[in-house]
Number of protein chains: 2
Amino acid sequence: MDTIETSKPQTEADDLVAYLRDTARLDADTPTALYQRLEDALRGAIRDRVLPPGGVIPGERELAQRLSISRVTIRKAIRALVDDRLLVQRQGARTAVAERVEKPVSVLTSFSQDMLARGLAPGTVWLAKDMGVALPAEAMELGLSPGTEVCRLRRLRTADGQPMALELSIVPAAYLPSPDLVETSLYTVLEERGHSPSRALQRMRSSIVGGNEAKLLGVPPGAPILEIERRVFLEGGQTVEYCRSLYRGDTYDFLVELHR
Amino acid sequence: MDTIETSKPQTEADDLVAYLRDTARLDADTPTALYQRLEDALRGAIRDRVLPPGGVIPGERELAQRLSISRVTIRKAIRALVDDRLLVQRQGARTAVAERVEKPVSVLTSFSQDMLARGLAPGTVWLAKDMGVALPAEAMELGLSPGTEVCRLRRLRTADGQPMALELSIVPAAYLPSPDLVETSLYTVLEERGHSPSRALQRMRSSIVGGNEAKLLGVPPGAPILEIERRVFLEGGQTVEYCRSLYRGDTYDFLVELHR
DNA sequence: CATGTGACTGGTCCTAAACTGGTTGCGTAC
DNA sequence: GTACGCAACCAGTTTAGGACCAGTCACATG
């Protein structure tokens with residue numbers, strides 16, 4: 001028999017059990033699988049710091065008994081979190097919450113944040129701000145119906161006063177009613193208006209700069225540039241920005257983290 | 001929240017059943033086929049988030065009973081949505097609403113996989129394979145003690161027969177005892193030997209190709225190239241490969257997915 | 001101090017019941 | 001023929017129990 005006789009007043013464990021019982025709605029009769037609900041509840045407990053990083057969770061048997069759930073189910077839920085690197089299991093030792101969730105480097109940042117992270121002072125020179133009906137190509141990239149209004153922002157971005165990139169941003173007027181709302185950071189304005197970018201796809205290629213753009217960037221024609229085409233999405237999947245940038249190849253590099 | 005569900009324990013299921021009953025007009029005598037109406041109703045339920053993505057729908061038998069409809073009809077309606085990838089069926093498990101399946105783009109891939117994903121046939125021309133004591137710079141990049149043995153692989157990678165990239169890979173001999181083990185794919189060999197890459201950091205910049213490399217890549221000197229420097233890590237964090245590549249700027253672009 | 005024991009941990013295996021979708025066959029109505 | 005209903009069976013999943021192994025850790029013993 002694998003019985004358990006614990007009655008120690010472990011407040012932490014009690015808190016967790018209570019949290020799980022509430023969050024997973026163990027008694028409710030939902031169509032969702034039990035282990036699935038428990039998994040989500042555990043995920044929430046880690047997110048809400050009910051389970052602090054580095055802390056340990058109660059034993060599987062104890063959890064099973066106190067939640068009136070089979071150990072199989074507990075293990076199935078835990079297993080999913082272990083696969084996601086949120087929990088760490090070691091035979092013989094208790095299951096623990098992962099110490100540090102490695103913050104991925106592939107993070108969606110604005111130009112300003114990017115430069116600050118490099119220890120450079122970001123700056124902006126406005127080249128054009130306008131508004132109008134989306135061109136067919138723009139409507140296509142943004143997933144808009146033809147005829148929708150869009151804002152266009154054309155800027156020279158600088159770092160420590162030196163030209164770093166040319167940027168053309170196109171944003172549906174639904175998210176940015178006027179280009180004049182943007183002082184320096186487009187993303188700040190979007191966030192303030194409740195349209196937080198959540199995801200982006202970015203295509204990069206190496207290319208050669210032409211005459212006009214070379215002058216603006218302060219490099220000789222024929223210098224290498226990093227062409228970046230970026231489509232930024234909201235939580236719901238709607239495209240909130242389409243952006244084409246030319247970064248100076250001699251002073252800019254892009255860092256990505258790749259997985260699995 | 002827990003106390004409100006006195007009259008009806010299955011809130012979620014009840015909501016759906018009510019929604020379907022209303023939307024599909026089950027009792028009405030319309031020329032439209034019953035399964036057709038049910039299908040549209042289910043489609044609406046998904047669109048209106050009555051059925052959230054990732055959620056599960058009640059079992060076919062339960063639906064059939066509660067809607068007073070045959071299971072055959074239920075299945076016929078569900079079948080259509082499965083064909084449209086709106087629902088996901090798995091024998092033994094409940095039918096679930098499809099998650100938005102944005103395939104992750106920031107994935108660690110080998111050159112071969114990358115080219116295949118682009119619909120191109122990957123190829124390799126060996127320029128050099130050798131082995132020796134790590135140079136100080138190499139030891140530094142790989143995090144090795146000075147004097148450790150490393151393998152060096154220098155390859156011209158082709159796509160559909162055309163030169164695409166020059167690649168110099170450096171791998172500690174502990175993970176690759178001999179450079180001759182690699183036929184075409186380094187990652188395949190590493191995986192077979194139990195050293196699966198799990199994570200990589202990649203730095204990219206735009207640059208100009210020099211004379212020798214231009215000849216190998218089949219582009220004129222001064223053509224734009226994408227310089228990629230990649231450090232690949234194992235699960236445990238040890239560096240398993242340090243790689244420098246030059247990709248042709250005119251035919252190669254790199255796609256990344258960024259979050260939050 | 002070292003060390004060994006025992007209680008506890010997760011890892012793995014098993015049985016079993018109650019469900020799930022998958023499939024087939026038979027029947028009725030239009 | 002198509003639409004619809006009913007029923008049985010198969011295969012897979014979920015959940016509940018249990019038992020045993022192997023690793024970990026705290027604590028008493030020397």
Side-chain angles (χ1 to χ4, degrees), chain A residues 1-8 10 12-13 16 20 24-42 55-83 86-98, chain B residues 10 12-13 16 20 24-42 55-83 86-98:
Chain A
M1 279 278 281
D2 274 343
T3 54
I4 198 162
E5 289 286 338
T6 310
S7 55
K8 287 201 320 192
Q10 296 185 355
E12 292 180 21
L16 176 64
L20 293 181
R25 295 169 36 219
L26 300 182
D27 48 339
D29 189 10
T30 62
T32 318
L34 187 52
Y35 77 93
Q36 188 65 253
R37 279 178 281 161
L38 186 59
E39 177 193 331
D40 291 341
L42 277 170
V56 294
I57 71 176
E60 297 171 354
R61 293 168 179 80
E62 182 181 345
L63 271 184
Q65 192 195 21
R66 298 184 59 172
L67 294 175
S68 307
I69 281 179
S70 160
R71 193 182 157 207
V72 183
T73 310
I74 305 273
R75 280 184 64 78
K76 211 162 177 175
I78 290 181
R79 174 63 195 276
L81 297 197
V82 171
D83 288 343
L86 287 173
L87 291 179
V88 178
Q89 276 180 319
R90 230 174 72 230
Q91 184 174 356
R94 294 192 133 180
T95 301
V97 181
Chain B
Q10 306 186 5
E12 298 176 24
L16 176 64
L20 293 181
R25 304 176 179 286
L26 301 181
D27 48 339
D29 189 11
T30 63
T32 328
L34 184 52
Y35 77 93
Q36 193 53 262
R37 280 177 281 161
L38 186 57
E39 177 192 330
D40 290 340
L42 276 170
V56 293
I57 72 176
E60 297 171 355
R61 285 170 246 267
E62 183 182 342
L63 272 184
Q65 193 195 0
R66 298 183 61 171
L67 293 175
S68 307
I69 283 180
S70 156
R71 193 183 156 206
V72 184
T73 309
I74 303 272
R75 280 185 64 78
K76 209 162 178 179
I78 290 181
R79 174 62 195 275
L81 297 198
V82 171
D83 288 342
L86 286 173
L87 291 179
V88 177
Q89 277 180 319
R90 230 171 76 231
Q91 184 174 354
R94 302 195 110 153
T95 301
V97 181

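To find a chain, count down the sequence lines: A is the first, B the second, and so on, and within it residues start at 1.
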> To the nearest Å, how far apart are A:Glu39 CD and D:dT14 P?
Replying inline: 11 Å
> Which part of the nucleic acid, if any, lies within contact of B:Arg71, taking any heavy atom under 4.0 Å across all strands shown: a base, the sugar-phosphate backbone alone, or nothing?
Replying inline: base
>> I want to check one thing: is the phosphate of D:dA16, taken as OP1 and OP2, less than 4.0 Å away from some side-chain N or O of A:Thr73?
In response: yes
> Between A:Gly92 and A:Leu34, who's closer to the 5' end of DNA chain D by nearest nucleotide?
Replying inline: A:Leu34
>> What is the separation between atom CZ on B:Arg94 and atom P on C:dG22, rounded to the nearest whole Å?
In response: 13 Å
>> So if I define the base as every atom that isn't primed, P, OP1 or OP2, how would nucleotides 25-30 of chain C read as a B/S/- string at a heavy-atom cutoff under 4.0 Å?
In response: ------
> Quick one: CG on A:Leu67 to CG on A:Leu16, what's the gap to the nearest 0.5 Å?
Replying inline: 8.0 Å
> What is the distance from atom CZ of A:Arg37 to atom CZ of A:Arg25, rounded to the nearest 0.5 Å?
Replying inline: 7.5 Å
>> Need to verify one output field. Residue with the more 5' nearest nucleotide on DNA chain C, A:Gln89 or B:Gly59?
In response: A:Gln89
> When the distance from CD of A:Glu62 to P of C:dT9 is rounded to whole Å, what number comes out?
Replying inline: 7 Å
> Rounded to whole angstrom units, what separation is found between the CZ atom of A:Arg37 and the C1' atom of D:dT15?
Replying inline: 11 Å
> Within the pair A:Arg75 and C:dG11, is there a side-chain N or O less than 4.0 Å away from OP1 or OP2?
Replying inline: yes
>> Whole angstroms only, please: what is the OH-P distance between A:Tyr35 and D:dA16?
In response: 13 Å
> Between A:Gln91 (CD) and C:dT12 (C1'), how many Å, whole number?
Replying inline: 9 Å
> After noting the C-alpha distance and the side-chain angles of A:Val72 and A:Lys76, does the key distance pass the side chain to side chain contact (heavy atoms under 4.5 Å, CB included) rule?
Replying inline: CA-CA 6 Å; A:Val72 183; A:Lys76 211 162 177 175; 5.5 Å; no
>> Looking at every heavy atom in both A:Ile78 and A:Ile57, which two are closest together, and how far apart are they?
In response: CD1-CD1, 3.7 Å
>> Using the side-chain heavy atoms of B:Ala93, tell me which of these nucleotides is nearest: D:dC4, D:dC21, D:dT14.
In response: D:dT14
>> Quick check for you: among C:dG10, C:dG21, D:dT14, whose closest atom lies nearest to any side-chain atom of A:Arg61?
In response: C:dG10
> In whole Å, what is the span from the CG atom of A:Leu63 to the C1' atom of C:dG10?
Replying inline: 13 Å
> With a non-hydrogen cut-off below 4.0 angstrom, is B:Arg90 in contact with a base, only sugar-phosphate, or nothing?
Replying inline: sugar-phosphate
>> Taking the minimum atom-to-atom distance to the side chain of A:Glu60, which one of C:dG11, D:dG5, D:dT14 wins?
In response: C:dG11
> Shortest non-hydrogen contact from B:Ala77 to B:Leu42?
Replying inline: CB-CD1, 4.4 Å
> Can you check the B:Ile74 CD1 to D:dC6 P distance for me, whole Å?
Replying inline: 11 Å
> Are the side chains of B:Leu63 and B:Ile69 in touch, meaning some heavy atoms are under 4.5 Å apart?
Replying inline: no
>> Let's see if you can work this out: which of D:dA16, C:dT20, D:dG5 has an atom nearest to the side-chain heavy atoms of A:Ser70?
In response: D:dA16
>> Counting only side-chain nitrogens and oxygens, does B:Lys76 get under 4.0 Å of the OP1 or OP2 atom of D:dA3?
In response: yes
> With no hydrogens and no angle check, is any side-chain donor or acceptor of B:Arg94 less than 3.5 Å from a backbone partner on A:Pro31?
Replying inline: yes
>> Any base atoms under 4.0 Å from A:Ile69, or only sugar-phosphate, or nothing? Heavy atoms, all strands.
In response: sugar-phosphate
>> Applying side chain to side chain contact (heavy atoms under 4.5 Å, CB included) to B:Val88 and B:Thr95, what does each step give before you reach the verdict?
In response: CA-CA 6 Å; B:Val88 177; B:Thr95 301; over 6 Å; no
